[in-house]
Amino acid sequence: MAERGRISPTQATLLMVSTVLPTAILFVPPVVVRRARQDAWMSLALAVIVGLLVARLVIGLSLRFPRKTLFQYSEEILGRAGGKAVGLLYIWWFLHTGALVITDFAALPCIALMPETPFIVFFILGIAVSGYAVRGGLEVLSRYNELVTPVSLGSIALIFALLTKEMRIERLLPVFDTGAISILKGSATPAGWLGEIVLLSMVAPYLSNEAEVARVAYVSVLAVGACVTAATVGTLLVFGPDLTGAWVFPVFSAVRSVVIANFLERLESVAVSVWVFLGLAKIGVFYYAAVLGSAQWLGLKDYRCLVAPTGVILLGMALLCPSTAELFEFAQGAFPVYALTVFEVGIPLLLSCVARIRGKGATGGA
Amino acid sequence: MGRRLGRRTKGQEDDAVARGFADGPLSRDLDANLRELKAIFDRCSDVVFREFVFAQCNGTRLALVYTDGLADKAQVSDQIMRALALEVPVAAGGRRIGKGRALEFIKKRGLCMHQIAETDRLQEVVRAVLSGDTVLLVDGHATAIVNVARSPETRRVADSEVEPTVRGPREAFVETLRVNTSLIRRKIKSPSLKIETLRLGRVTGTEVAVVYIEGIANDKLVPEVKDRLGRIQVDGILETGYIEELIEDNPWTFFPTVNITEKPDRVAAMLLEGRAAVIVDGSPFVMTMPNLLVEYVHSTEDYYERFLFVSAVRVVRFLSLVASLTLPAAYIAAVSFHHELLPTTLLLSIAAQREAVPYPVLVEVLIMEVLFEILREAGLRLPRPLGQAISIVGALVIGEAAIRAGLVAASTVIVVAVTGIGSFVLGYRLSIAFRLLRFILTLLSAALGLFGLVAGMAVVIIHLCTLRSFGVPYLSPIVPTTVVDLKDVVFRAPWWAMFTRPRLIARRDRTRQAPDLEPGPPGARSRGRR
């Protein structure tokens, strides 16, 4: 068994929150608002429903194949060759998304804090730090995340609470102004993000009590949905749809506009630092999934030897990513289609259908 | 397996070399035994051989062997020699007994000692003599009587110097193992308090005691502690530090994962929570394990003072924990990278102060930090009366003069001083770890600003997450979060609400006290009684 650690349901929930939220809270609001304008919250609600459906698929598979990761049960369902092919696809997806996360992660500190520092510095540090956590194993990664996530989210919530005096409820009006098509279009990107809950299939086998997997999945999707919606609506309330859609990081700009008594102001550096902690956790989850997946794909007993090579690959792939602007373009257009249809819904749906037809795994699971 | 066995025999050979003699049984012949012992104790001027005659049984010859200075001379001469040579024959009224029964008679009627033991091994005799016991050899018997009559001379139990408190017991451990165990026993008068002793160090033969409360300590903990101690094969153990470095879970870390204290009340509290303690003869410090990070933020007094006040003080301690780790780094980041972090007026005033300073802020901070470390080290090493002088020179002369001379800015001095003082709030050993990490974070933040600082802190947090002490995660109960145990991290619950022991430490008997202990006025109180 490649992973010996066990994590509690709370740790797993927080880990899943960190799998989605850190980049979502930064990149999703402008994209959604650009499409759905002040009705962004409806798009987000739709996206949460999609997220819950993906979660349902993952839960079904995990309960059907207890103590097995995606890589292990896909071989059981599709046979050796098919399973390996699916595994290879997922390794690619974890690496690719991981590299995207790393570029996202570098974008904010680079743009907001240190515009003259080259991207590669942030890449290397981000990969090295989260690689250290991955090397420690799932338990270490979850503990780091368990410590950092509540504190970071709490601070971000606090900063938003300081913004309430800038908020105007009229900025959400008129409701349903943009039409159903725009709202649907707007929900694609957040749905792609929320579908990343599919990584739970790599973590679920290591829950101390695997029966809790359903609660973990649903609670984390709802929590992420609530946080992203709160950030989006909060930003909309402060800036209105035009400005929110125009800025690169509107949530960050909202934080920047906090001024309380000439004392609490310019909190953006604090916000960025807090966000970096979260970003490291998110890189860690994808990094871990890629490393553990590769180890299981190759049939290794220990995944630690893969941490350094995977880090180098991630760095290389991150360096291939073009500018932040193109990243946004990708996040809006290709990413949801690519991630959602193939990896978050397509393959899991295929797996659970085939498992049902072939009668593999424990009955009553899916 | 074979290699392991091989190593063991090698160890035994080394043992014989270290002992300086081969073990064997005692002889029935007193002269042979004495010859052997005298050969072993050749040129050991402190070992005394005293031969005399036990008049009552046909002039059986007896010999006492003890170490001068370790054995209690008054007891040796009064309770053993005087008794056997004079008083017993008189009391027995001149009745004679045969030589064959001499040993039995001496043991049962002759000796007025509170604790005796028997042995027939030469090695045991040697060990007893060197431990301060007095060995009585009887002619015609291959068995020696070991009289435990150790000299009571030891340092007086005095006030704790390293961990002073305002409220609570003041006594501290001393260098003698027995005194230390008695200090703990005085606090916990229960037969469940177990004190198991073993000897470590092939040459020094240091006595080491493992202390725990049966039924409260985790079942797996005590065997694990004994197992780790049993693995130790070194020539000498002079302080707890030797053992600490040999039994840690993770030796490659700045952080201490075995706690050290000199206060018996602290050890008693640790034992009551389910921990084990290790006492080393010759050290006034007692190790307790498993050890958690939060222990360094807590003090014994926290449990004696009012809980609301304590909770507030702990907030201050956690703040100084963060400050002592990150303040210089954050200062550098703010001054050299992120001016927006500071209010404009403060920024201007710092800029004005730094106008005359020739160095970049990193160099400034490093100069002050190194100066501070030098002062601290000097204060530690100097004879005590001079320590005062050093602090005056350090605080007034260097601090004030450095600012006047334009060497450093006043704000830098403030930052470094606050950091230094903040680190004293924490347990001494944690502050040592933070001292080193602070330098690393300072350099990172000078290179990469806030991002460097955050990345460095993330590494520190991840490292802390990897640490375990005797299997218990170092950061628990914060992470992995044990909600009930958060009652004693920052907030300290009042004693009537401290219903359970820490979950990860005491796994068996977790209930600490009766429920519904919350006190109240006479009318309301009865509701709690069942």
Side-chain angles (χ1 to χ4, degrees), chain A residues 5-8 10-11 14 105-106 108-110 112-114 116-117 121-122 124-126 128-137 139-152 208 256 262-281 283-284, chain B residues 250 252-253 292-294 318 322 326 329-330 333-347 441 444-468 471-483 486 489-490 503-504:
Chain A
R6 284 281 181 274
I7 59 173
S8 72
T10 319
Q11 284 180 321
L14 286 172
F105 163 81
L108 183 63
C110 186
L113 289 182
M114 313 168 89
E116 282 159 38
T117 311
V121 175
F122 299 100
I124 292 177
L125 264 177
V129 174
S130 51
Y132 181 44
V134 171
R135 203 173 180 287
E139 281 188 347
V140 170
L141 184 63
S142 325
R143 274 184 221 150
Y144 164 78
N145 183 60
E146 195 182 14
L147 183 65
V148 158
T149 305
V151 176
S152 303
S208 55
R256 189 171 244 171
N262 288 326
F263 162 65
L264 275 177
E265 53 182 331
R266 290 174 296 203
L267 292 171
E268 64 265 25
S269 317
V270 179
V272 172
S273 325
V274 156
W275 183 82
V276 166
F277 278 117
L278 283 176
L280 287 170
I283 300 176
Chain B
N250 183 354
W252 291 101
T253 175
L292 311 179
L293 182 84
V294 288
F318 274 97
V322 175
T326 61
V335 170
S336 52
F337 291 93
H338 315 290
H339 305 291
E340 73 277 6
L341 268 173
L342 301 169
T344 318
T345 39
L346 178 60
L347 185 67
L441 287 186
L444 265 175
S445 134
L448 286 164
L450 262 187
F451 182 79
L453 172 60
V454 170
M457 276 182 69
V459 170
V460 173
I461 294 173
I462 294 168
H463 177 68
L464 284 170
C465 290
T466 62
L467 290 183
R468 280 170 181 270
V472 178
Y474 196 51
L475 281 183
S476 72
I478 306 172
V479 284
T481 313
T482 315
V483 178
L486 293 180
V489 176
V490 180
R503 191 170 73 92
L504 286 177

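The chains referred to below are lettered A, B, ... by the order of the sequence lines, with proteins before strands, and numbering in each begins at 1.
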Chemist: Below 4.5 Å from any heavy atom of chain A, which atoms of B:Leu346 appear? Answer side chain, backbone, both or neither.
Modeler: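 For B:Leu346, neither part sits under 4.5 Å from chain A.
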Chemist: Hey, can you tell me if A:Phe122 and B:Phe451 have their rings parallel, tilted or perpendicular (30° and 60° cut-offs)?
Modeler: perpendicular
Chemist: Would you mind telling me which of B:Thr466, B:Leu448, B:Leu341, B:Val479 has the largest number of heavy-atom pairs within less than 4.5 Å of chain A?
Modeler: B:Val479
Chemist: Looking only at heavy atoms, what is the nearest atom pair of A:Tyr132 and B:Val459, with distance?
Modeler: CE2-O, 3.7 Å
Chemist: What distance do B:Glu340 atom CD and A:Arg256 atom CZ have between them, rounded to the nearest 0.5 Å?
Modeler: 7.5 Å
Chemist: Nearest 0.5 Å, what's the OG1-CG distance between B:Thr481 and A:Leu147?
Modeler: 8.0 Å
Chemist: Between A:Glu146 and chain B, which part of the residue has a heavy atom less than 4.5 Å away: side chain, backbone, both or neither?
Modeler: both
Chemist: Go through A:Pro109, A:Ser273, A:Gly136 and name the one with the most non-hydrogen pairs under 4.5 angstrom from chain B.
Modeler: A:Ser273
Chemist: List the atom of A:Leu280, the atom of B:Ala458, and the distance in Å for their closest heavy-atom pair.
Modeler: CD1-CB, 3.5 Å
Chemist: Count the heavy-atom pairs under 4.5 Å between each of B:Ala455, B:Ala333, B:Pro480 and chain A, then report the option with the highest count.
Modeler: B:Pro480
Chemist: Determine the minimum heavy-atom distance between B:Gly449 and A:Met114, stating which atoms define it.
Modeler: N-CE, 3.9 Å
Chemist: Please assess B:Leu450 against A:Val272 for the test side chain to side chain contact (heavy atoms under 4.5 Å, CB included), listing each intermediate value before the final yes or no.
Modeler: CA-CA 9 Å; B:Leu450 262 187; A:Val272 172; over 6 Å; no
Chemist: Which bit of A:Leu125 comes within less than 4.5 Å of chain B, counting heavy atoms only: side chain, backbone, both or neither?
Modeler: side chain
Chemist: For A:Ser269, is it the side chain, the backbone, both, or neither that has a heavy atom closer than 4.5 Å to a heavy atom of chain B?
Modeler: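 For A:Ser269, the contact with chain B is made by backbone and side chain together.
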Chemist: Is it the backbone or the side chain of B:Thr344 that comes under 4.5 Å from a heavy atom of chain A, or both, or neither?
Modeler: both
Chemist: Among B:Cys465, B:Pro343, B:Pro473, who wins on heavy-atom pairs under 4.5 Å with chain A?
Modeler: B:Cys465
Chemist: If I measure from the heavy atoms of chain B, does A:Ser8 come under 4.5 Å with its side chain, its backbone, both, or neither?
Modeler: neither
Chemist: Does a sphere of radius 6.0 Å around CZ in B:Arg468 hold more than 12 heavy atoms from other residues, nucleotides or ligands, not counting ones at 6.0 Å or beyond?
Modeler: yes
